[in-house]
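A short worksheet on the structure shown next.
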Amino acid sequence: MRLRQSNRKKRFGQPDYSLELDGSDADSTVPRADSSEDEFVVDAAADGDDGEAEEAQSEQSDGDDGDDDNDVEKLTGPSSPSALKSARTAKTKTKASVRTNDDRLDKSGCVFNEVPPYPSDPGQRWTRTYIGPIKRWTRFYELIDWWFGDKPERRAILDGFFKLWWHHELIPPKLTSQSRLLIAQCGWMPGRFADDQRSKFRQLYNDRLVYQFRQQISTHIDKVETSSRWFHPQAQGGLNVLLGHISDQSTYHIQQGKCISFSNSGNVISDADDEATITGGWLLDVGGIPVSIAWAPMQGHVSQLLAIAVAPFLDQAYHQNVKDSINRLDQKEGAIQILRFETVADREGVFRPSRRAPKLSQTLCFSWGRVSRIQWCPIPLAAEDAIRLLGVLCTDGKLRVIGVQNVLEQESDEESVQIEQPMILLEPPKESSIEITCFTWINMNRVATGLSDGSVIVWSLSPLRILQRHPIHSTAIIDIVCGYPSDPFIVSTVPIGGVLTLTDLSRPSAETTYHPNMMVSLQPNQLAWSPHLRGFASIWPSAFAGNPNLSFLPVRGFSVCRHLITVTGQPTCISIGPCHPYLLTGATDGSVWVFNILRKLSSHREKTMKVKLLQHEFHPLPSLDAGNNEEEGKPRGTCRILHGFLPEPNSHPISMKMAKTQKLNREKNKKGSQAKNKGKGKAKVGSEKAQSNTSGQPEGEVDEEAVMTTGPGPIVLYEPQTRITAMAWNPNVEFSWWAAVAMGSGLVRVIDIGAEPQTKRPDNVPGPNDEDDDEPGIDAIDEENDEEEGDDDVEMVSSED
């Protein structure tokens with residue numbers, strides 16, 4: 001029997017917890033038992049020697065304590081051995097209570113019941129991890145039950161999505177069928193959802209909002225006063241723009257407030273072109289930095305409205321001396337430009353951009369500071385509705401809701417309005433340095449705002465009051481997006497430093513989760529909601545400054561993200577179509593990418609493609625001539641916009657390199673094993689192959705946990721005005737393939753990037769817009785993935801196990 005030497009000389013008694021008020025925690029600590037096996041008795045000979053040594057040590061200790069025993073006998077007189085034993089036990093307890101701290105420490109230097117320190121070594125494994133049924137190699141056919149398990153008709157609804165967008169891998173198709181338009185618009189909601197929301201908004205306006213709209217104070221000002229009071233940014237000179245195909249580009253000059261029309265192929269439309277040329281969009285110069293853009297949700301075949309918040313170039317200009325920069329307190333003037341784009345319908349029923357130049361319909365001016373974000377109320381209103389609600393967040397940290405009158409039927413060129421008092425004012429609580437940093441519309445009467453202290457507030461517009469406030473992060477919230485319309489009370493928040501969090505505002509104390517990776521995010525507009533896939537697209541959660549990766553996080557499985565795209569440079573803004581699952585993303589190098597999220601997530605072992613929509617470059621004038629631009633009439637810089645790029649594989653470069661290396665290693669090991677097992681039969685080889693296919697992670701997958709937190713190359717610094725500042729898909733289903741892209745140089749590109757409907761087809765071959773088509777659904781797509789299981793060049797879709 002194995003025994004410890006220390007246990008032979010131990011005496012057990014009732015522990016003394018030392019609960020006195022003046023006692024310290026160290027005095028009340030109980031020593032931990034030694035867990036090492038160095039003192040175990042292994043053989044009998046050693047046991048005998050240890051027994052003799054123990055008896056000698058015991059006799060020596062008794063001899064040392066003889067004086068104390070005699071003192072006890074003197075006080076109590078002759079006593080029995082049991083009484084003497086009790087006295088010695090009491091004496092042992094007295095000595096144990098006055099031991100030093102060094103005696104109470106174990107060999108590792110830790111005190112019993114001490115909380116271990118949090119690991120600070122970044123090279124260690126993540127201390128927060130996900131353990132659940134969803135794995136990074138789980139196929140989309142199986143993920144349907146996990147991601148959309150709360151919807152009874154999930155497979156039928158997703159089957160309709162696959163029939164609409166599966167075969168359009170790069171850009172969304174132009175839909176003309178009413179049944180397909182209804183599927184694209186409603187998604188997971190009933191067919192009458194948009195009409196019901198419109199009727200409820202009209203009832204809310206007639207009962208409550210009309211009285212709040214009357215409290216809005218505004219005055220009309222002329223164009224000269226708008227420019228003199230710096231409401232409308234004035235650029236010093238125009239821009240020289242190189243446009244056209246990369247092999248045949250021409251130089252054009254564009255002034256502030258002017259535009260250039262493009263054909264459907266991306267070339268500039270000249271006066272010599274005939275009327276048969278199809279218009280594909282415009283290029284505008286807004287004279288400042290467009291920091292935020294938003295399309296107005298509308299119903300019917302009407303002209304489209306685009307709101308643009310523009311900041312002067314001097315706000316972000318570089319100064320050698322910091323004292324020469326503009327003070328934030330002096331940046332009081334702000335303005336929002338609302339442009340009207342006319343449309344025309346062709347013979348096939350597709351609405352296209354008109355050749356007529358867009359008009360600046362209305363300019364909203366105010367003295368609340370520069371505008372940082374704008375967002376329309378998500379209810380699609382008709383032309384007969386009186387007003388539209390526009391949320392405006394300014395640099396003073398307050399959110400204002402402005403009632404914008406219907407400007408569709410106005411024939412005047414421009415109307416400038418100075419808003420002195422908004423319709424609704426949302427002020428944060430009067431606490432120390434608390435400001436509203438971001439906001440999102442939950443529905444027509446609810447708004448959620450993120451604060452600088454990391455909390456989220458839910459507001460009611462009518463009556464105006466705070467409904468909820470929840471502390472979610474410890475740093476300022478830089479982005480907040482809700483899951484309207486299917487999950488309006490589920491919001492995702494991105495802090496400056498922390499974890500990407502998902503919160504259900506209907507049950508915030510119980511229903512909350514987050515992605516386990518710590519992240520640092522200083523760039524807004526990198527969070528978007530996909531109403532068809534019911535998930536959020538965001539920057540890959542990482543603390544790496546040059547993170548070029550985007551990920552998808554479903555609502556039911558938020559902790560396991562999947563890789564979407566890797567761009568050159570760093571992403572600056574993203575946008576997902578409200579009526580289709582296509583994602584637009586812009587980067588610091590001026591590139592704009594587009595791809596199909598549905599195809600990317602559902603293709604487990606198939607390579608998907610992405611395409612660069614355009615490339616923007618800006619070169620300013622030399623600093624010596626910058627101050628004389630206005631006098632000499634020189635342009636403020638030169639831009640070049642390239643288009644016509646070929647599709648590229650949508651994968652991480654390092655991931656594909658790792659996959660090829662692993663494939664070569666597997667082939668090399670396979671040849672070596674075949675040479676060793678030659679002549680011994682194939683049973684052993686077959687069993688090893690079967691075992692490799694059934695163990696956890698499938699063969700061919702690459703672990704990109706370290707890859708996704710770094711970039712494919714070095715961090716490159718570009719000209720600040722080269723970057724893409726904002727972008728937005730059109731939320732109206734008849735124009736859902738329209739996109740607006742804002743650039744740091746002051747240009748805004750409105751593009752019609754929808755795939756043309758196929759009209760000429762052979763007999764007995766259905767088209768993509770036919771009512772009764774037989775395109776493959778989920779089952780056929782899953783069979784295709786099963787046939788491609790032998791492909792080993794597989795890209796990783798997530799880094800979480």
Side-chain angles (χ1 to χ4, degrees), residues 134 140 143-144 146-151 154 157-166 168-173 175 183-189 193 294-295 297 375 378 440-442 479-494 500 502 504 515 525-541 549-565 571 573-586 593-603 608 610 650 727-733 736-737 739 778 797-798:
I134 302 177
F140 187 78
L143 287 176
I144 291 176
W146 293 108
W147 288 0
F148 314 102
D150 56 336
K151 301 295 183 179
R154 53 185 177 275
I157 296 176
L158 286 173
D159 189 73
F161 296 164
F162 273 85
K163 291 181 178 180
L164 282 181
W165 299 300
W166 173 260
H168 300 273
E169 187 174 0
L170 298 176
I171 57 178
L175 305 178
I183 294 175
Q185 181 183 15
C186 298
W188 297 90
M189 306 306 295
F193 176 77
W295 292 95
Q375 188 176 354
T440 181
W441 288 86
I442 296 178
D479 264 327
I480 180 172
V481 175
C482 76
Y484 182 87
S486 59
D487 304 279
F489 286 96
I490 294 181
V491 297
S492 179
T493 52
V494 177
L500 185 62
L502 183 71
D504 187 356
H515 192 276
N525 301 325
Q526 291 187 349
L527 184 65
W529 163 259
S530 176
H532 296 88
L533 299 178
R534 298 183 63 200
F536 296 89
S538 173
I539 190 76
W540 186 278
N549 307 302
L550 296 179
S551 62
F552 180 80
L553 302 97
V555 171
R556 295 170 57 90
F558 194 80
S559 301
V560 183
C561 61
R562 296 190 167 231
H563 175 251
L564 287 181
I565 188 175
C573 51
I574 60 176
S575 177
I576 299 179
C579 298
H580 53 72
Y582 289 82
L583 184 141
L584 273 175
T585 177
W593 300 83
V594 61
F595 68 99
N596 188 348
I597 305 180
L598 179 64
R599 188 70 178 263
K600 173 65 176 179
L601 297 178
S602 57
S603 301
T608 58
K610 61 182 178 182
N650 187 8
M727 55 178 49
W729 285 101
N730 196 317
N732 306 315
V733 64
S736 58
W737 43 88
I778 302 177
V797 291
S798 174

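Given the structure is predicted, the values throughout are model-derived calculations rather than measurements. The analysis underlying the following values was restricted to heavy atoms, covering all of them including side chains, and did not include hydrogens, waters or symmetry mates.
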Dump the intermediate steps for side-chain contact (heavy atoms from CB on, under 4.5 Å) on Trp593 and Asn650, then the final yes or no. CA-CA 10 Å; Trp593 300 83; Asn650 187 8; over 6 Å; no
Check: Trp188 ring centre within less than 6.0 Å of Phe148 ring centre: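 Trp188 vs Phe148: aromatic centres under 6.0 Å.
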Could you tell me which residues satisfy side chain to side chain donor-acceptor pair (under 3.5 Å) with Trp529, sequence neighbours excluded, listed by chain and number? none
Do Asn596 and Pro581 have side chains that get closer than 4.5 Å, going by heavy atoms?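 The answer is yes; the side chains approach within 4.5 Å.
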How many angstroms lie between atom CD1 of Ile157 and atom NZ of Lys151, to the nearest 0.5 angstrom?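 So the gap between those two atoms works out to 7.5 Å.
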Set out, in order, the CA-CA distance, both residues' side-chain angles and the distance that settles side-chain contact (heavy atoms from CB on, under 4.5 Å) for Arg556 and Trp146, then state yes or no. CA-CA 7 Å; Arg556 295 170 57 90; Trp146 293 108; 5.8 Å; no
Parallel, tilted or perpendicular: rings of His515 and Trp540 (30°, 60°): perpendicular
Taking the six-membered ring for Trp, are His580 and Tyr582 parallel (under 30°), tilted (30 to 60°) or perpendicular (over 60°)?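 Ring orientation, 0 to 90° scale: perpendicular.
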Would Tyr484 and Ile442 count as a side-chain contact (heavy atoms from CB on, under 4.5 Å) if you check the C-alpha gap in whole Å, the side-chain angles of each, and the deciding distance to 0.1 Å? CA-CA 6 Å; Tyr484 182 87; Ile442 296 178; over 6 Å; no
Quick check against the 3.5 Å criterion: does Trp441 have a side-chain atom that pairs as donor or acceptor with the backbone of Gln375?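 It does hold such a pair.
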Just to verify, what does Asp487 make a salt bridge (Lys or Arg N to Asp or Glu O under 4.0 Å) with, not counting sequence neighbours?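 For Asp487, the residues satisfying salt bridge (Lys or Arg N to Asp or Glu O under 4.0 Å) (neighbours in sequence not counted) are Arg534.
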Using the side-chain contact (heavy atoms from CB on, under 4.5 Å) rule, take Leu533 and Phe552 through it: C-alpha gap first, then chi angles, then the decisive distance, then the call. CA-CA 10 Å; Leu533 299 178; Phe552 180 80; 3.7 Å; yes
